[in-house]
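Here is how names work: the chains are called A, B, and so on, in the same order as the sequence lines, proteins then strands, and each is numbered from 1.
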Number of protein chains: 2
Amino acid sequence: MTECISGNETEMKKSLIGVIGGVGPYAGLDFMQKIFGNTQASKDQDHLDCMLASCPSVINDRTEFLLNGGENPAGGMFESARRLHKAGVEYAVVACNTAHSHPIFDPFSRMVRESLPGFTVVNMLETCAAFVKENLDITHIGLLATRGTYKSRVYHEYFKKEDGFVLIEPEEQGQGKIHEAVYSGQFGIKVHQPVKPQAKNSIIYEIYRLAERGAEAVILGCTELPLAVEARDFSLPILDPGLITARKLIALTAPEKLLNAPQN
Amino acid sequence: MTECISGNETEMKKSLIGVIGGVGPYAGLDFMQKIFGNTQASKDQDHLDCMLASCPSVINDRTEFLLNGGENPAGGMFESARRLHKAGVEYAVVACNTAHSHPIFDPFSRMVRESLPGFTVVNMLETCAAFVKENLDITHIGLLATRGTYKSRVYHEYFKKEDGFVLIEPEEQGQGKIHEAVYSGQFGIKVHQPVKPQAKNSIIYEIYRLAERGAEAVILGCTELPLAVEARDFSLPILDPGLITARKLIALTAPEKLLNAPQN
């Protein structure tokens, strides 16, 4: 039987995709699922080769660092990048919105550039902003997110005023509703799957409310929100940065396998 | 800010767990989810450090190989093991039932033993059989699986007659029903999430039918079946080899974090 076995590295036909997950763990899995779900595949072997590093124990809380300082999570994120690089990954992504804030992402990117040759990190929020510029002729973007994301202002760093973007956030009460929809012990998405109507309804209401206030598209700026709503149920574009970036990674490494219609 | 950044490998406090996935891709994700779901964690940083290699492009179909020959999937599985080993993984598992058949798993284990020092593969079906021996005083075990698994007889290799085990398989019509519940384009679990009642009902019926025919416990011998039924809804033990092995990996690497009650 031995002659039939081959473990030759050259048999890996495509670039290996890596996901830096663990921030949080379920968001990393969800990102992998978006890659699988958007790949044209009729059998296991058609799927893209991917690796996930879910090593949260050494990655400090991103929002906590941005608001109160302490150890930069960039170091722990780099540790995951280093592991993926050793395993042969060429294109990677960090599956966390807040981690893309410049005080974290810039030192992380510098360490990667200096130490990991041939390892490209695709920036999820830059990819999302570029997607909007290339595909949608709009300037006013609604942002649904948790309080930490609003406070960190990470989306303002990528959807810049000088590029003509106007970010619209929910009013104070709406911000509270969205935060609850994600975190509530009684009905929050982080705890209750399938998603409870109370969480779903708050999100739907706030999407329409942002539209009323001038949003031409709405970003789901928290990895839990896409679990509650389907983009196709709305008349305005609903943007999931994870989905956009998962599709970008497929387009980069195996464009012929990218499904035409985005699959949530 | 630089002085606050540390990417030091020694900071990884626990053994790194690795999952050889891609066989199929969703089964690998599901295994990771079982690790996360059975870990005592109140924040991201409490979760265990894990890596998933989902590299299906070089792993041949397991059932096809067992029934018709061709290239042994062991070679591709070893390639994933090699990548995880390079990344620092110490304990790994292969998230596929059929891959545990001796003609595949034996050469795979031999390659790992000879080439990857410090890398331990936990055998999912051996772990499941050991769990039954240690925790349940039973001999007659029902087996729900797809046709390929019955044909491969992989469960008979681990639940041996000489150890007193009697495996009970559904009758021909029942085997067809379970296969349909997994694969049917109209209502199969592989295609339709959340699980359709028609798939769920077939599985529930066949569990009771196996019990009527003498099964004291039923193994869900296909990675899709645990998505359709909850063990706690039945009066006899329902065994999910993936869940049992995910909990075993937590017990091996961070026993203080293993949740008492299994979480599907």
Side-chain angles (χ1 to χ4, degrees), chain A residues 1-2 4-9 11-14 16 19 21-26 28-29 32-33 35-36 39 41 43-61 65 69-72 74-79 81-84 86-88 103 107-108 111 194, chain B residues 1-2 4-9 11-14 16 19 21-26 28-29 32-33 35-36 39 41 43-61 65 69-72 74-79 81-84 86-88 103 107-108 111 194:
Chain A
M1 192 168 290
T2 316
C4 292
I5 298 169
S6 99
N8 196 322
E9 195 168 1
E11 289 228 347
M12 290 275 174
K13 292 144 208 151
K14 308 280 182 191
L16 191 60
V19 175
V23 282
Y26 292 100
L29 290 188
M32 294 284 282
Q33 188 139 13
I35 296 176
F36 300 165
T39 302
K43 58 183 194 297
D44 293 346
Q45 290 75 15
D46 294 339
H47 278 278
L48 303 188
D49 293 331
C50 304
M51 291 192 73
L52 167 66
S54 183
C55 302
S57 79
V58 295
I59 307 181
N60 277 11
D61 190 84
F65 167 72
E71 190 178 314
N72 194 323
M77 286 158 52
F78 174 72
E79 177 57 21
R82 204 187 53 74
R83 289 181 184 276
L84 291 172
K86 275 193 178 174
F108 165 71
M111 286 187 277
Chain B
M1 190 167 287
T2 316
C4 291
I5 298 169
S6 97
N8 195 322
E9 194 168 4
E11 289 227 347
M12 290 275 176
K13 293 143 207 153
K14 309 281 183 190
L16 191 61
V19 175
V23 281
Y26 292 100
L29 290 188
M32 294 284 281
Q33 187 141 13
I35 297 176
F36 300 165
T39 303
K43 57 182 193 299
D44 294 347
Q45 290 76 16
D46 294 339
H47 278 279
L48 303 187
D49 293 331
C50 304
M51 291 193 71
L52 167 66
S54 183
C55 302
S57 79
V58 294
I59 308 181
N60 277 9
D61 189 83
F65 167 72
E71 190 179 314
N72 195 322
M77 287 158 53
F78 174 71
E79 176 58 20
R82 202 186 54 73
R83 290 181 185 276
L84 291 172
K86 275 194 179 174
F108 165 70
M111 285 187 278

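Counting heavy atoms from C-beta outward, L16(B) and C55(A) have side chains that approach closer than 4.5 Å. A heavy-atom distance below 4.5 Å is found between the side chains of M51(B) and L84(A).
Residue N60(B) touches chain A through its backbone alone, counting heavy-atom pairs closer than 4.5 Å. For I59(B), the part sitting under 4.5 Å from any heavy atom of chain A is the backbone (N, CA, C, O) and nothing else. Only the backbone of L48(B) comes within less than 4.5 Å of a heavy atom in chain A; its side chain stays farther off. Within the 4.5 angstrom heavy-atom criterion, no atom of V19(B) approaches chain A.
The closest donor-acceptor contact from the side chain of D44(A) to the backbone of D61(B) lies at 3.5 Å or more, if one exists at all.
Atom NE2 of H47(A) is separated from atom OH of Y26(B) by 5.5 Å, given to the nearest 0.5 angstrom. Atom NZ of K86(B) sits about 15.0 Å away from atom CZ of R83(A), to the nearest 0.5 Å.
Taking each heavy atom of S54(B) and F36(A) in turn, the nearest pair found is OG-CZ, 3.4 Å.
Highest contact tally toward chain A, considering only M32(B), Q45(B), K43(B), Q33(B), is held by Q45(B) [criterion: heavy-atom pairs under 4.5 Å]. The candidate with the highest count of non-hydrogen atom pairs below 4.5 Å against chain B, out of G69(A), C50(A), G21(A), A41(A), is C50(A).
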